[in-house]
Amino acid sequence: MSLPIALAIAAVVALLVDFALRKRGPDVEVATTEPQRPMWIRAIVSIAFAVIAFYIILSPEFGEAEKKWAFGAAGTVLGYWLG
């Protein structure tokens with residue numbers, strides 16, 4: 001299994017763990033705005049995508065199409081944290 005696939009799987013597992021640990025039931029207050037994910041989930045997903053993107057950008061074995069995706073992913077992560 002390649003590094004990008006392993007990191008993508010780790011990010012999905014982190015999101016599933018977050019979903020499983022959330023409190024559910026009638027006593028949960030309904031939020032009027034978008035619910036906030038814990039900082040550690042946002043950081044894990046961001047780091048995973050950034051590592052995958054930079055691995056693809058710096059690796060000579062990937063073509064132009066993959067590098068365009070990687071630059072887009074890196075820009076999205078940067079924009080998320082700056083915006």
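Only heavy atoms go into these numbers, but all of them, side chains included; no hydrogens, no water, no symmetry mates.
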Keeping to residues at least two apart or across chains, list the side chain to side chain donor-acceptor pair (under 3.5 Å) pairs with something in residues 62-75.
none
What residues form a side chain to side chain contact (heavy atoms under 4.5 Å, CB included) with Phe54, not counting sequence neighbours?
Ala50, Ile57, Ala74
Answer yes if Ile44 and Met39 sit in the same cluster of Ile, Leu, Val, Met, Phe, Trp and Tyr residues linked by side chain heavy atoms under 4.5 Å apart, and no otherwise.
yes
Name the atoms and distances for all side-chain donor-acceptor pairs under 3.5 Å in residues 75-83, with sequence neighbours left out.
| from | atom 1 | to | atom 2 | distance (Å) |
| --- | --- | --- | --- | --- |
| Thr76 | OG1 | Gly72 | O | 2.8 |
| Trp81 | NE1 | Ser46 | OG | 2.7 |

